[in-house]
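Worth saying up front: this structure is predicted, and the values here are computed from it rather than measured.
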Amino acid sequence: MAAPSGGVNCEEFAEFQELLKVMRTIDDRIVHELNTTVPTASFAGKIDASQTCKQLYESLMEAHASRDRVIKNCIAQTSSVVKHLREEREKNLDDLRLLKQLRKEQTKLKWMQSELNVEEVVNDRSWKVFNERCRIHFKPPKNA
């Protein structure tokens, strides 16, 4: 699933996480998708598995790229906010409200950065399952 066209709200981590959850649907359902669309050897003649695998490959590539863009965009936005708050904090060392806001944004930034690690695990799992079922039906392009 691609990112929503209206943009992504990076300010609320819960919304950010919910969006990623929705965007990861293709990865969550890959085993089911492969089981229902890619035939076993006994049914191989009835379905064009190479076309099915190609379409699934393209969908996975698009979904992974889209999520990567969303995560990195939110990390960049939040990093910018943290940088700005640090600069403000240096000017106003006594402002506890500013310190609290800085800590909150730093924590959110760490959570967003950890989503990159989650993304790597999700992607690796999906590609492993994909390759197990589609390797004999479809060979991805070398430049991918």
Side-chain angles (χ1 to χ4, degrees), residues 1-41 44 47-144:
M1 177 183 170
S5 57
V8 178
N9 180 2
C10 300
E11 293 177 29
E12 290 296 325
F13 185 73
E15 285 182 36
F16 168 77
Q17 230 175 3
E18 185 62 30
L19 173 65
L20 289 178
K21 179 180 172 187
V22 170
M23 291 176 77
R24 287 181 179 138
T25 301
I26 188 172
D27 293 87
D28 294 340
R29 295 186 179 159
I30 190 167
V31 171
H32 173 74
E33 182 74 20
L34 287 166
N35 285 341
T36 58
T37 59
V38 177
T40 57
I47 296 173
D48 183 4
S50 61
Q51 186 61 30
T52 302
C53 287
K54 181 179 190 252
Q55 290 170 343
L56 184 56
Y57 171 81
E58 290 168 355
S59 295
L60 281 171
M61 289 295 288
E62 180 185 330
H64 293 176
S66 181
R67 290 194 312 258
D68 190 63
R69 275 191 306 274
V70 166
I71 294 168
K72 288 179 178 174
N73 179 46
C74 283
I75 287 173
Q77 284 182 34
T78 306
S79 292
S80 177
V81 170
V82 166
K83 182 180 178 214
H84 172 74
L85 287 171
R86 272 194 188 126
E87 291 166 357
E88 289 298 313
R89 175 77 177 133
E90 288 172 13
K91 295 176 194 169
N92 304 312
L93 292 174
D94 295 333
D95 190 343
L96 293 177
R97 182 193 56 78
L98 205 54
L99 177 62
K100 185 176 178 182
Q101 184 64 27
L102 175 61
R103 296 287 181 249
K104 179 182 169 199
E105 291 297 321
Q106 286 173 325
T107 300
K108 181 170 68 173
L109 179 60
K110 286 177 189 167
W111 287 341
M112 287 179 173
Q113 289 168 332
S114 75
E115 284 298 329
L116 284 174
N117 295 329
V118 171
E119 191 65 15
E120 184 178 350
V121 170
V122 169
N123 292 355
D124 286 349
R125 178 188 159 275
S126 292
W127 287 122
K128 180 178 182 245
V129 170
F130 175 85
N131 287 324
E132 284 172 0
R133 289 296 300 275
C134 285
R135 70 176 170 252
I136 62 173
H137 304 292
F138 174 75
K139 299 282 185 249
K142 293 285 185 206
N143 60 357

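- Aromatic ring pairs are classed by plane angle as parallel below 30°, tilted from 30° to 60° and perpendicular above 60°; the pair Trp127 and Tyr57 is tilted.
- Rounding to the nearest 0.5 Å gives a distance of 4.0 Å between CG of Asn123 and NE2 of His64.
- Thr37 has its side chain out of reach of Leu56: every pair of non-hydrogen atoms, C-beta onward, lies at least 4.5 Å apart.
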Inset, instruction - Kindly determine whether Val129 and Leu34 satisfy side-chain contact (heavy atoms from CB on, under 4.5 Å), including the steps that lead there. - result: CA-CA 9 Å; Val129 170; Leu34 287 166; 3.4 Å; yes

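- Taking 4.5 Å as the limit, every side-chain heavy atom of Val118 sits out of range of all side-chain heavy atoms of Leu20.
- Within a 6.0 Å sphere centred on NZ of Lys83, heavy atoms belonging to other residues, nucleotides or ligands number 12 at most.
- The shortest side-chain heavy-atom distance between Ile30 and Arg125 falls under the 4.5 Å cut-off.
- Atom CZ of Arg29 has 12 or fewer neighbouring heavy atoms from other residues, nucleotides or ligands inside a 6.0 Å radius.
- Listed for the Lys108 side chain is a donor-acceptor partner under 3.5 Å among the backbone atoms of Glu11.
- Here Glu115 pairs with Arg24 in a salt bridge; the nearest charged N to carboxylate O distance falls below 4.0 Å.
- Classification of Glu90 and Arg86 as a salt-bridged pair fails, no side-chain N sitting under 4.0 Å from a carboxylate O.
- Within the 4.5 Å cutoff, no side-chain heavy atoms of Arg133 are placed close to those of Val31.
- Of the charged side-chain nitrogens involved, none lies within less than 4.0 Å of a carboxylate oxygen, so that Glu87 and Lys91 do not count as a salt-bridged pair.
- Looking at heavy atoms from C-beta onward, Met61 lies out of side-chain contact with Pro140 at the 4.5 angstrom threshold.
- Residues Gln77 and Ser80 have side chains not in contact (no heavy-atom distance under 4.5 Å, counting atoms from C-beta outward).
- Atom CG of Leu116 sits about 7.5 Å away from atom CD of Gln113, to the nearest 0.5 Å.
- Residue Glu105 holds its CD atom at 10.5 Å from NE2 of His84, rounded to the nearest 0.5 Å.
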Legend entry - Derivation of the side-chain contact (heavy atoms from CB on, under 4.5 Å) call for Asp27 and Leu60: CA-CA 8 Å; Asp27 293 87; Leu60 281 171; 3.8 Å; yes

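- Taking the six-membered ring for Trp and thresholds of 30 and 60 degrees, Phe16 and Phe13 have ring planes inclined between 30 and 60 degrees apart.
- In terms of heavy-atom proximity, Gln106 sits nearest to Arg103 at OE1-NH1, 2.9 Å.
- The distance from atom CG of Asp95 to atom CG of Leu93, rounded to the nearest 0.5 Å, is 10.0 Å.
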Legend entry - CA sep, side-chain torsions, deciding dist, call: Leu85, Arg89, side-chain contact (heavy atoms from CB on, under 4.5 Å): CA-CA 6 Å; Leu85 287 171; Arg89 175 77 177 133; 6.0 Å; no

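- Taking the six-membered ring where the residue is Trp, Phe130 and Phe138 present perpendicular rings, their angle passing 60° and hence far from 30°.
- For the atom pair OG1 of Thr78 and CE of Met112, the computed distance is 3.5 Å after rounding to the nearest 0.5 Å.
- Inter-residue side-chain proximity for Val122 and Arg67 is flagged as met; some heavy-atom pair is nearer than 4.5 Å.
- The side-chain hydrogen bond (donor to acceptor under 3.5 Å, both in side chains) check on Glu15 picks up Asn9, with sequence neighbours excluded.
- When atom types are taken as modelled, the side chain of Ser114 and the backbone of Trp111 share a donor-acceptor pair closer than 3.5 angstrom.
- One finds the OG atom of Ser50 at 11.5 Å from the NZ atom of Lys139 (value rounded to the nearest 0.5 Å).
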